[in-house]
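Sequence positions, counted from 1, serve as the residue numbers for this chain.
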Amino acid sequence: MSALFSCQSSSAQDQVNTAGVETITILQTADIHGQLLPHKEFFIEDGQFRFKERGGLAHIQTIFKQVKAENPGGTVIVDGGDLIQGSAVAALSEGAVFGPVIKAMDYDFLIPGNWEVIFGSEKMQSVLKSYNKPVICANIYDEATTHMLYQPYLIKEVKGVKLGFISYNDPEVPIRQNPAFSKGLIFKGLEDNLQPLIKELKEEKGVDILFLVTHLGISKQIYLADQPEVAGVDFILGNDTHERIRQPLKRTYAQVVEPGAFASFVGRLDLEVKDGKIVGQRYELIDVDPTQYPADPVVQQIVEEQMAPYKTQMEKVLGYTATPLYRYLVVENPMDNMITDAVRWKTGVDVAISNGFRFSTPVVPDATGKAPITYSDIWNMLPVNENVKTGKAKGRQIQEWMEKELHNVFAEQPLERFGGWVIRFSGMEMTFNANAPKGQRVQSIRIGGQPLDPERVYTMAACLRRGEPDHMLCRMPNAQDPQVLDYTIHDVMEEYLKVHGTVSPKTDGRAVALDLPAPVLSQVPNVDYVFR
């Protein structure tokens with residue numbers, strides 16, 4: 001521990017310097033995505049992929065209690081959204097299992113993330129209300145009444161220091177998620193009220209230290225921290241992109257952090273404050289190691305009680321994998337290769353596609369050389385069990401669409417970045433330059449082993465996104481002859497695994513960034529940060 005945070009002074013001068021200094025601790029979780037229990041987590045160590053047991057909400061509660069005991073009356077705990085979606089128990093209960101769990105934990109407040117809408121507006125509001133904790137968000141409105149759905153901010157006085165927290169969800173939720181999910185809600189841009197709220201908290205409410213708690217993604221959060229509109233904000237507690245920021249990114253007007261995902265990490269920010277001003281700070285990204293932080297018995301019992309009705313269904317084994325299944329890689333990964341291979345196998349199309357999802361915990365073979373793939377794992381990989389949809393498109397259209405998707409991921413301007421990682425596919429091979437200008441990134445595309453023919457019509461398959469026009473296929477517009485099939489993506493995976501028994505998915509170069517070192521683990525450009 002540095003001298004800055006030492007409880008003992010080495011001289012009279014130190015005693016003078018520390019007089020009146022208070023320690024404020026902020027704990028942050030983010031993007032838990034329905035993961036209630038410990039699970040395998042992905043790490044990079046010495047250039048190698050490693051998998052370790054991490055996570056569990058009962059283990060996080062132990063961290064909360066330990067830190068609060070270290071700093072009595074000086075700790076504030078926040079979750080940054082995307083909590084109730086991403087697992088089997090989340091989907092099967094439509095988020096209801098989380099109310100009793102979160103109610104028993106030491107969170108001071110929570111915010112909604114872009115996936116909180118997955119079960120519809122009414123269900124979202126019901127689940128978040130069941131937390132019995134404050135929920136804040138300054139840009140979600142009820143369409144019928146035009147009223148703000150939640151309070152825009154929270155003020156907490158801690159050790160005589162007035163802290164302010166303003167929260168924002170992603171304004172693009174109705175586009176990023178299936179449009180039907182957010183029906184009845186309006187998502188406004190930050191420009192609608194950000195500066196008035198900052199002024200209100202700093203000038204009228206007398207807030208000493210101001211935080212933005214945003215579910216916008218790391219690129220937009222870094223951009224925001226460089227804009228004069230956020231003058232007066234000290235920290236952006238970021239969420240959404242699952243980045244593991246281990247030291248705050250110091251920008252022009254504010255510092256940015258983001259604490260990983262899946263309940264595998266807790267961000268800890270300690271601030272030394274004197275006369276309402278920050279005079280020192282320390283940040284740590286805590287690994288939630290179940291061996292180091294034993295489960296809190298009260299929360300663990302609630303977790304087990306909530307999961308019990310779904311346990312038999314979730315543990316059903318559908319098949320096995322002989323290679324690790326994981327996401328985390330921006331360009332291509334084994335998990336999505338398996339999923340798109342299964343869709344192409346079932347439908348017989350030329351190209352199967354899937355969104356570049358960020359969520360899902362790894363499935364890793366043990367000493368036997370295999371790992372079961374359970375019904376629960378399928379829900380982790382594919383939390384939206386929609387029908388499969390097919391359509392047709394000319395080669396030229398596919399290339400134009402891929403240019404647009406690559407721009408969404410690698411746009412030089414942060415505000416033009418959108419959604420997750422590179423679109424996933426089977427039956428197609430693509431090379432591209434991530435840093436090329438818009439519309440010039442694709443270098444080559446091959447379908448079925450042959451160069452893309454701009455005039456040829458190719459068959460394609462993806463998942464239905466409810467609320468989109470019929471001609472849309474996984475965000476690609478103007479698909480010809482769209483057909484919604486009578487089976488779901490989960491049906492496909494179950495049949496595929498039943499027929500194949502044991503699979504061995506891997507990355508095989510179907511998508512290659514020619515100008516980026518492999519593997520690509522982050523979208524964060526031009527900052528001193530490495531995902532690990």
Side-chain angles (χ1 to χ4, degrees), residues 323 327 329-357 388-410 420-464 471-485 487 489 492-493 495-496 499-500 503-520:
T323 55
R327 286 198 165 121
L329 307 186
V330 174
V331 175
E332 179 196 358
N333 65 61
M335 186 175 288
D336 286 311
N337 284 357
M338 177 185 70
I339 291 167
T340 53
D341 284 351
V343 172
R344 189 163 62 93
W345 167 83
K346 175 64 175 176
T347 60
V349 296
D350 297 314
V351 180
I353 53 180
S354 178
N355 277 315
F357 292 132
V388 176
K389 183 177 181 180
T390 60
K392 300 175 183 177
K394 284 188 174 183
R396 179 180 292 104
Q397 183 180 354
I398 294 172
Q399 178 158 341
E400 290 172 353
W401 178 61
M402 289 309 305
E403 288 283 8
K404 180 179 179 181
E405 287 293 322
L406 289 171
H407 187 70
N408 288 343
V409 180
F410 297 109
W421 295 324
V422 172
I423 206 82
R424 312 308 192 183
F425 45 78
S426 175
M428 184 168 78
E429 299 170 1
M430 177 180 67
T431 64
F432 64 93
N433 287 323
N435 297 310
K438 181 179 182 180
Q440 300 177 38
R441 289 185 171 89
V442 173
Q443 301 302 298
S444 70
I445 294 180
R446 298 174 69 87
I447 294 180
Q450 300 298 315
L452 183 77
D453 181 344
E455 298 304 321
R456 179 179 167 182
V457 175
Y458 295 93
T459 55
M460 304 180 72
C463 287
L464 175 69
H471 64 80
M472 297 290 286
L473 191 66
C474 197
R475 292 202 303 265
M476 184 184 76
N478 302 314
Q480 305 169 32
D481 192 25
Q483 302 286 332
V484 178
L485 307 182
Y487 49 82
I489 185 62
V492 171
M493 297 309 303
E495 183 180 349
Y496 181 77
V499 170
H500 289 77
V503 296
S504 302
K506 58 184 182 299
T507 55
D508 53 21
R510 63 185 68 179
V512 177
L514 300 174
D515 59 344
L516 296 176
V520 184

Please examine the side chains of [Y] and [X], heavy atoms only from C-beta on, and report whether any two atoms are closer than 4.5 Å.
{"X": "M428", "Y": "M402", "value": "yes"}
{"X": "M338", "Y": "M493", "value": "yes"}
{"X": "I445", "Y": "F425", "value": "no"}
{"X": "M460", "Y": "V349", "value": "no"}
{"X": "K346", "Y": "V388", "value": "no"}
{"X": "I447", "Y": "R456", "value": "no"}
{"X": "H500", "Y": "W345", "value": "yes"}
{"X": "R441", "Y": "V409", "value": "no"}

Tell me the closest heavy-atom pair linking [X] and [Y], and the distance in Å.
{"X": "P482", "Y": "A479", "result": "CD-O, 3.8 Å"}
{"X": "S354", "Y": "C474", "result": "C-SG, 4.1 Å"}
{"X": "L514", "Y": "Q443", "result": "CD1-CG, 3.8 Å"}
{"X": "G391", "Y": "L473", "result": "N-CD2, 4.1 Å"}
{"X": "P505", "Y": "P334", "result": "CB-O, 3.5 Å"}
{"X": "V331", "Y": "A511", "result": "CG1-O, 3.4 Å"}

Measuring from [X]:[atom1] to [Y]:[atom2], what's the distance to the nearest 0.5 Å?
{"X": "D515", "Y": "N433", "atom1": "CG", "atom2": "CG", "result": "4.5 Å"}
{"X": "S426", "Y": "N337", "atom1": "OG", "atom2": "CG", "result": "7.5 Å"}
{"X": "R446", "Y": "T431", "atom1": "CZ", "atom2": "OG1", "result": "10.0 Å"}
{"X": "E332", "Y": "K506", "atom1": "CD", "atom2": "NZ", "result": "10.0 Å"}
{"X": "M476", "Y": "I353", "atom1": "CE", "atom2": "CD1", "result": "6.0 Å"}
{"X": "Y487", "Y": "E495", "atom1": "OH", "atom2": "CD", "result": "8.0 Å"}

Seminar exercise, completed: With T390 as partner, the option from V343, L485, D481 fulfilling side chain to side chain contact (heavy atoms under 4.5 Å, CB included) is L485
Exercise. Quick one: do the T323 and S504 side chains pair a donor with an acceptor below 3.5 Å?
Worked result: no
Seminar exercise, completed: Residue pairs meeting salt bridge (Lys or Arg N to Asp or Glu O under 4.0 Å), one or both in residues 420-438, sequence neighbours left out, come to D336-R424
For this session: Please report the C-alpha distance between K394 and E455 in whole Å, then the side-chain angles of each, then the deciding distance to 0.1 Å, and finally whether the salt bridge (charged side-chain N to carboxylate O under 4.0 Å, His left out) criterion is met.
Result: CA-CA 6 Å; K394 284 188 174 183; E455 298 304 321; 3.4 Å; yes
Exercise. Between V520 and L329, is a side chain to side chain contact (heavy atoms under 4.5 Å, CB included) present by the stated rule, with each step listed?
Worked result: CA-CA 6 Å; V520 184; L329 307 186; over 6 Å; no
For the side chain of [X] and the backbone of [Y], is there at least one donor-acceptor N/O pair under 3.5 Å apart?
{"X": "Q397", "Y": "N478", "answer": "yes"}
{"X": "N333", "Y": "M335", "answer": "yes"}
{"X": "T459", "Y": "D350", "answer": "yes"}

For this session: Just do the side chain to side chain contact (heavy atoms under 4.5 Å, CB included) check on I339 and Y496 with the steps written out, would you?
Result: CA-CA 9 Å; I339 291 167; Y496 181 77; over 6 Å; no
For this session: Mind running side chain to side chain contact (heavy atoms under 4.5 Å, CB included) on I489 and L464 for me, showing each step along the way?
Result: CA-CA 9 Å; I489 185 62; L464 175 69; over 6 Å; no
Exercise. Between F410 and F432, what is the ring plane arrangement, given parallel below 30°, perpendicular above 60°, and tilted in between?
Worked result: tilted
